Structures are given as structure tokens and as C-alpha cells.
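Since the structure comes first, as C-alpha cells, the remarks are kept for the end.
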Amino acid sequence: MSKVIFTNRLFRIFILGLFVLLGAVLVFSCNSDNIPVYTYNIVNTYPHDRDAFTEGLVFEDGFLFEGTGLLGHSTLRRVDLETGNILQIRELSAQFFGEGITIYGDNIIQLTWQSHVGFVYDKNSFELLQEFNYSTEGWGITHDGTRLIMSDGTSTLHFLDPQTFEEIGQLEVFDDHSPVTKLNELEYVQGEIYANVWQTDRIAIIAPETGRVIGWVDLRGLLTAGDRSEPVNVLNGIAYDADNDRLFVTGKLWPKLFEIKLISPG
Ligand SMILES: [Ca+2]
């Protein structure tokens, strides 16, 4: 082998190696994610109505409040945490598919999926006080103390005035790579927005100022194989008891509701 051929071959191997290295760096940087992923400990397990197609969940005044969906099955409920018993219920007209709920002051606000109408009830009597309209689909709703925060199944959250229900702002939610779509049930927890991502076992923790996902909660494994012996639907339902710092999660048609504590990664 002449010296020239040997040098050429060496050069080709060097270039090939360089490309392989560059490729590896690219793949690694695309897959690496800087967003922390939290896991959980189960603190308590409570019964949950297997017929509740959970679309909204709130904890207030020592009770769970739950909004359920499906046409002809949509309700607003006050539920006893310990027993899962329904203490108070209001059925929606069969034309409405109930969605998220939130409690603002003395009122409960409930969205509907594709009817572009929201309902305002008295928190104690469940009496219907008012209806309001919005242009998007209705999925989840929560509030930050001054603004209602609503999801519509996309990556956009809408801020609404809690008195007029006019839209006063929007927030685009994104992670390190792209917009995060299918944002569903919401809960405002200590200055951050928690959002179930529809059809996943994940909750996105969103910074309200920027829309950036600052944490993921991986809730895989909450239900046992036995729990899944009868049909269950997706994880959906986050409620926060601010007075006692308790976080509750459940799912559509799930037999159980869980109080969990998040575990920081590392
Ligand atoms: Ca909620």
C-alpha cells in the first residue's frame, strides 16, 4: 500500500468518524430533556364512583366537587372524600356534555364540551344563576384568584374575566420541543397550573407567566390490574386542598381517587 492511499483511507475514516460523532450528538440533544419528571407516593386511597366520567374536580370546604361528562350522564356533584358518596347532585340537560368545573367565590362554574356554553351555579344550592358563551370547545377550568383559566383541547389556555367571562388573555403551552396539545382538566397549585394531558398518564406543570412546562408528573401505575378488570377511561381530575396541602387525582370511570405526594427527580 502506497503512503498516499494509506493517508487517503485514514482521511476517509476520520471524516466518517466525524459524521458518526455529529449524528450521535444530534440524536442525544434531540432526545435529552431538561424538564424534570416527578413521580409520586400514594398517601391515601379513597373510593370513586365507577360511573363518574370525571371531567372536573375541585376540593373546597372539606368536600370534593366533581363535574362529569357524556351526553345524558353529565352531572355536578358534591362528594364525600372518605366514602365517595354523592351528597348532592345536579343533572345537566341531556343535550350537554359536561366538562371542567371550578369554584370562584360562592359560584361553581361548569363548562360544556362542544355547546359553547358555560353554567354558573350557587356553590351551596347548585341553583343555576347564569349562562355564558365562549367560541372554543370547553375542556378544563381553574382560576388563579383573579382570572379563570380554561383549556380547549389544544395547547392554548384562555384567561377569562371571572365576572364578565370575556377572554382577557391567552397562554401557549410548550415543552422543550413543541407545543403541548390536548391540555385537559386543570388545577392551580401554589402558583403553577397543573394540566392533565388527554390520553396520557401525565400531568404538565405549567408556568403561568410563560406557558413553559416546568415539570412533568408521571402517574403511570396508579391503578392495579384488578382496578382495570372493568372498563376504565383515562386519567383526568386534579384537585388541590390548599388548606392542608393535599393533592388528589382520579380518572374517568376509575374506581379509586388518590391523594398523592410528588417526588422530585434525583
Ligand atoms: Ca381541577
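Everything numeric here is computed off the predicted structure, so don't read it as measured data.
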- Query: For the side chain to side chain contact (heavy atoms under 4.5 Å, CB included) test, which of V213, V173, V180 pairs with V197?
  - Reply: V180

- Are any non-hydrogen side-chain atoms of I203 and Y38 less than 4.5 angstrom apart? no

- Query: Mind checking what makes salt bridge (charged side-chain N to carboxylate O under 4.0 Å, His left out) contact with R228, not counting sequence neighbours?
  - Reply: none

- D51: what forms a salt bridge (charged side-chain N to carboxylate O under 4.0 Å, His left out) with it, not counting sequence neighbours? none

- Test salt bridge (charged side-chain N to carboxylate O under 4.0 Å, His left out) applied to K182 - qualifying residues, sequence neighbours left out: none

- Item | ring-ring contact (aromatic ring centres under 6.0 Å, His included): pairs with one or both residues in residues 142-161, sequence neighbours excluded | Y104-H143

- Task: Count the heavy atoms of every other residue, nucleotide or ligand shown that sit under 6.0 Å from CZ of R220, and state whether that count exceeds 12.
- Result: no

- Message: Nearest 0.5 angstrom please: I238 CD1 to I260 CD1, how far?
- Response: 8.5 Å

- Query: Which other residues belong to the hydrophobic cluster containing L253, where Ile, Leu, Val, Met, Phe, Trp and Tyr are joined when side-chain heavy atoms lie under 4.5 Å apart, directly or via other members?
  - Reply: F53, L70, L71, F97, W113, W139, W198, V234

- Contacts of Q95 meeting side-chain hydrogen bond (donor to acceptor under 3.5 Å, both in side chains) (sequence neighbours excluded), chain-then-number -> S93

- Where at least one partner belongs to residues 66-82, residue pairs that pass side chain to side chain donor-acceptor pair (under 3.5 Å), sequence neighbours excluded: H48-E66, D49-R77, T54-E66, T68-T75, T75-R77, R78-Q88, D80-T83

- Residues which pass side-chain contact (heavy atoms from CB on, under 4.5 Å) with P208, listed by chain and number, not counting sequence neighbours: Y188, I193

- Message: Please list all pairs meeting ring-ring contact (aromatic ring centres under 6.0 Å, His included) that have one or both residues in residues 234-266, counting only residues at least two apart or in different chains.
- Response: F59-F248

- Message: Can you list everything that forms a side-chain hydrogen bond (donor to acceptor under 3.5 Å, both in side chains) with N244? Sequence neighbours excluded, please.
- Response: D241

- side chain to side chain donor-acceptor pair (under 3.5 Å) pairs, two or more places apart, involving residues 256-266: N44-E259, D227-K256

Review item, side-chain donor-acceptor pairs of residues 115-129, under 3.5 Å, at least two apart:
from, atom 1, to, atom 2, distance (Å)
H116, ND1, Y134, O, 3.3
H116, ND1, S135, O, 3.1
H116, ND1, T136, O, 3.0
Y121, OH, Q110, OE1, 2.7
D122, OD2, N124, N, 2.8
D122, OD2, S125, N, 2.7
D122, OD2, S125, OG, 3.2
K123, NZ, D61, OD2, 3.1
S125, OG, E127, N, 3.1

